[in-house]
Amino acid sequence: MAESAVSLEVRDATVFYGANRVLDQVSLSAARGEFIALLGASGCGKTTLLRAICGFVPLAGGSIAVGGREISGLPPDKRNVAMVFQSYALWPHMTVAQNIGYGLKLRGAGRAAIGLRIGELLTMLRLEGLAERKVTALSGGQRQRVALGRALAINPQILLLDEPLSNLDARIREEVRHEIKTLQQNLGITTVHVTHDRQEAMVMADRIAILDAGRAAQIGTPEQVYNRPNSPFVASFMGATNIVPLVVRDEGERVRIAEGPFSDAIDIDPELAAARALRSGSAETQVDAHFRSEDANLCPPNQSAPGCLVLRGDIAQSSYPGGVYRYAVRVGPHLHLVDDARRFTPGDAVGIAVPVTALHLYKQTH
């Protein structure tokens with residue numbers, strides 16, 4: 001990435017809360033106009049990273065630059081960065097217009113300029129006619145737009161979003177995520193968005209940074225982190241939560257998953273095996289194979305499926321989330337979740353057919 005194109009550069013950011021290291025040398029860059037999602041479980045450090053960029057949390061090590069300008073030592077109001085909080089943090093005694101114009105007023109902008117900017121944002125955010133309404137009289141989606149308008153009013157170089165959709169119901173959340181993405185693209189503003197929702201990150205972001213215990217586990221496009229997770233943690237976090245212990249054998253010109261107590265042997269792509277399981281050069285490697293429920297299908301237990309690993313088991317539990325049935329299939333001591341349109345009964349013997357291309361293989365470390 002050319003230096004001139006870099007809008008945000010975080011280098012080896014380290015943050016402590018007391019003796020607890022909550023960010024551990026995290027590095028992240030964003031191109032001008034890029035949308036980055038910080039994805040991870042609660043406590044992984046993603047909101048701390050956002051607050052460090054904004055200036056609410058001091059760095060114990062590393063640096064942060066915006067547009068090539070080092071900002072690590074600057075107070076929040078001197079960084080040209082704006083943040084939309086999870087709670088929105090709107091002033092309840094103020095009107096919509098007063099909330100949107102608050103940052104401009106603090107910066108000493110003239111009344112005419114503030115009024116013009118508020119008008120632009122009311123139109124942009126589809127809040128026309130609501131300028132004099134108290135924010136306490138608005139819907140959740142409208143409050144979210146007001147918070148976004150207040151952040152955008154000061155024309156920041158970087159827009160930070162701290163789970164701004166988590167307080168909205170599912171239907172409104174899906175609508176607003178597309179609105180935010182469209183607005184971000186139209187404005188061309190560099191955006192960093194914190195979420196624990198994998199689908200939200202996939203839909204909105206140009207690149208995703210997955211954080212785990214204060215470290216960046218993987219950074220890449222949605223396609224990269226979904227199709228080529230670089231670790232068992234990332235594979236599980238991106239939905240490949242079914243895990244099968246297998247043995248992979250390097251037999252010279254071919255690589256095979258060995259026959260197991262609940263599956264037959266099958267050839268696999270040597271490149272897939274080499275990338276994930278056989279780096280030690282061992283002829284036989286114990287691996288964990290991760291796969292997603294939606295990538296598998298149920299079949300008769302003794303039926304072979306071309307290009308698929310077939311695991312033999314029985315239905316342990318069934319549910320109907322809508323559209324398909326979701327089955328917990330018992331394979332030896334393990335349970336695997338698989339979706340299928342057909343109706344099965346607990347106790348039915350079945351096979352799980354998993355395309356070998358859908359398997360993410362990692363050497364066992366235990």
Side-chain angles (χ1 to χ4, degrees), residues 1 3 6-32 34-87 89 151 156-166 189-198 200-202 204-222 224-225 229-238:
M1 187 182 297
E3 185 63 26
V6 175
S7 182
L8 172 68
E9 184 78 28
V10 179
R11 293 182 179 172
D12 299 324
T14 301
V15 171
F16 285 89
Y17 288 162
N20 184 30
R21 188 193 300 260
V22 290
L23 282 185
D24 189 3
Q25 296 185 315
V26 173
S27 294
L28 173 72
S29 64
R32 190 175 295 117
E34 190 174 19
F35 194 119
I36 303 288
L38 302 180
L39 180 63
S42 296
C44 70
K46 55 189 187 296
T47 294
T48 298
L49 177 55
L50 208 69
R51 294 174 66 85
I53 295 170
C54 201
F56 297 145
V57 174
L59 293 181
S63 64
I64 300 172
V66 170
R69 180 177 69 119
E70 172 64 38
I71 64 167
S72 304
L74 298 179
D77 62 324
K78 302 298 183 183
R79 296 189 175 207
N80 202 17
V81 170
M83 186 164 175
V84 176
F85 298 90
Q86 183 176 356
S87 64
Q157 285 178 271
I158 309 291
L159 176 65
L160 306 176
L161 305 174
D162 185 13
E163 300 199 53
L165 309 183
S166 60
I189 186 170
T190 306
T191 300
V192 183
H193 174 90
V194 161
T195 182
H196 62 270
D197 186 318
R198 173 168 58 94
E200 185 171 294
M202 296 284 287
M204 299 181 73
D206 299 311
R207 284 191 300 139
I208 297 172
I210 299 177
L211 270 61
D212 177 32
R215 288 180 172 270
Q218 185 172 355
I219 300 174
T221 65
Q224 287 170 339
V225 296
N230 66 2
S231 68
F233 170 81
V234 175
S236 294
F237 201 88
M238 296 306 291

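In this chain, numbering begins with 1 at the start of the sequence shown.
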Answer with yes or no whether the side chains of E163 and T195 bring together a donor and an acceptor at under 3.5 Å.
no
If you measure only the distance, is there a donor-acceptor pair under 3.5 Å linking the side chains of Q25 and T14?
no
Please check: side-chain N/O of [X] versus main-chain N/O of [Y], any donor-acceptor pairing under 3.5 Å?
X: D197; Y: E200; result: yes
X: S7; Y: A30; result: no
X: R207; Y: S29; result: yes
X: R32; Y: T190; result: no
X: Q218; Y: N230; result: yes
X: S236; Y: F233; result: no
X: R215; Y: C44; result: no
X: Q224; Y: T221; result: yes
X: K46; Y: V194; result: no

Quick one, [X] and [Y] - any side-chain contact, counting heavy atoms below 4.5 Å?
X: Q157; Y: V81; result: no
X: D12; Y: S63; result: no
X: L59; Y: I64; result: yes
X: L39; Y: L211; result: no
X: V84; Y: D162; result: no
X: P164; Y: Q86; result: no

Closest heavy-atom contact between [X] and [Y]?
X: A151; Y: L159; answer: CB-CD1, 3.8 Å
X: A205; Y: I208; answer: CB-CG1, 4.0 Å
X: A209; Y: L28; answer: CB-CD1, 4.2 Å
X: D206; Y: P222; answer: O-CD, 3.3 Å
X: L165; Y: M204; answer: CD1-SD, 4.3 Å
X: R79; Y: C54; answer: CD-O, 3.5 Å

Residue of the set T191, I36, V66, L160 for which side-chain contact (heavy atoms from CB on, under 4.5 Å) holds with L8:
V66
Show, in sequence, the C-alpha distance, side-chain angles and deciding distance for D212 and F237, and conclude whether the side-chain contact (heavy atoms from CB on, under 4.5 Å) test is met.
CA-CA 10 Å; D212 177 32; F237 201 88; over 6 Å; no
Before you tell me yes or no, could you show the steps for M238 and I210 under side-chain contact (heavy atoms from CB on, under 4.5 Å), namely the whole-Å CA-CA distance, both residues' side-chain angles and the distance that decides it to 0.1 Å?
CA-CA 10 Å; M238 296 306 291; I210 299 177; 3.7 Å; yes
Once you round to the nearest 0.5 Å, how far does CZ of F85 lie from CG of L50?
9.0 Å
Which of parallel (below 30°), tilted (30 to 60°) and perpendicular (above 60°) describes F35 and H193?
tilted
Run the numbers on I158 and N80 for side-chain contact (heavy atoms from CB on, under 4.5 Å), then give the verdict.
CA-CA 7 Å; I158 309 291; N80 202 17; over 6 Å; no
